*Asks:* 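Dumping the structure here so I can ask a few things about it.
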Amino acid sequence: QVLLVESGGGLVQAGGSLRLSCAASRLAFSSSAMGWFRQAPGKEREFVAAISWRGSNTAYADSVNGRFAIFRDNSKNTVYLQMNSLKAEDTAVYYCAASLSPIARKVGEYRYWGQGTQVTVSS
């Protein structure tokens, strides 16, 4: 089955940067829209960013727009989330997801999910 593995999480100070990666296996990666979601303790999983099949189009949650950037390298079957100007409110488990549909913002619109990587931002 499709496997998505996130990496790059860790502890970072507020204002710092972190880059997450998601490696996909057994997935028609170049034909899949990819997304990043996050879930903080006591909160529902929320949309962070998404990128279209070929990387031509991107979408961001208002809370991260201007600070985060999503990009992909189809030759490596990998999608990235560059996080800059991190805030304590960004602390969450970040999940990579894949959809065979165009860019979507809802959890239910993604078919495959990774297990997540923890991002902790300290003030």
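These numbers come from the heavy atoms of this one structure, side chains and all, not from hydrogens, waters or symmetry mates. Just so you know, these numbers come straight off a predicted model, no measurement behind them.
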*Asks:* Which residues pass the side-chain hydrogen bond (donor to acceptor under 3.5 Å, both in side chains) test with S21, not counting sequence neighbours?
*Replies:* S7

*Asks:* Would you please name every residue forming a side-chain hydrogen bond (donor to acceptor under 3.5 Å, both in side chains) with R19, sequence neighbours left out?
*Replies:* Q82

*Asks:* Holding to side-chain hydrogen bond (donor to acceptor under 3.5 Å, both in side chains), I want the full list of residues that pass it with D90, two or more places apart in sequence or in another chain.
*Replies:* R38, R67

*Asks:* Considering only residues two or more places apart or on different chains, which pairs with a residue in residues 80-109 satisfy ring-ring contact (aromatic ring centres under 6.0 Å, His included)?
*Replies:* F71-Y80

*Asks:* Can you sort out the partners of V2 under side-chain contact (heavy atoms from CB on, under 4.5 Å), two or more places apart, ordered by chain and number?
*Replies:* L4, L27, Y112

*Asks:* Under the rule for side-chain contact (heavy atoms from CB on, under 4.5 Å), what residues qualify as partners of T58, not counting sequence neighbours?
*Replies:* I51, Y60, I70

*Asks:* Holding to side-chain hydrogen bond (donor to acceptor under 3.5 Å, both in side chains), I want the full list of residues that pass it with N65, two or more places apart in sequence or in another chain.
*Replies:* none

*Asks:* Among residues at least two apart in sequence or on other chains, which ones pass side-chain contact (heavy atoms from CB on, under 4.5 Å) with S52?
*Replies:* S56, N57, I103

*Asks:* Restricting to pairs with a member in residues 112-123, which pass salt bridge (charged side-chain N to carboxylate O under 4.0 Å, His left out), not counting sequence neighbours?
*Replies:* none

*Asks:* Does anything in residues 34-53 form a ring-ring contact (aromatic ring centres under 6.0 Å, His included)? List the pairs, not counting sequence neighbours.
*Replies:* F37-F47, F37-Y110, F37-W113

*Asks:* Not counting sequence neighbours, which residues clear side-chain contact (heavy atoms from CB on, under 4.5 Å) with T120? List them please.
*Replies:* L11, T91, Q118

*Asks:* What pairs of residues pass the salt bridge (charged side-chain N to carboxylate O under 4.0 Å, His left out) test when at least one of them lies in residues 103-112, not counting sequence neighbours?
*Replies:* none

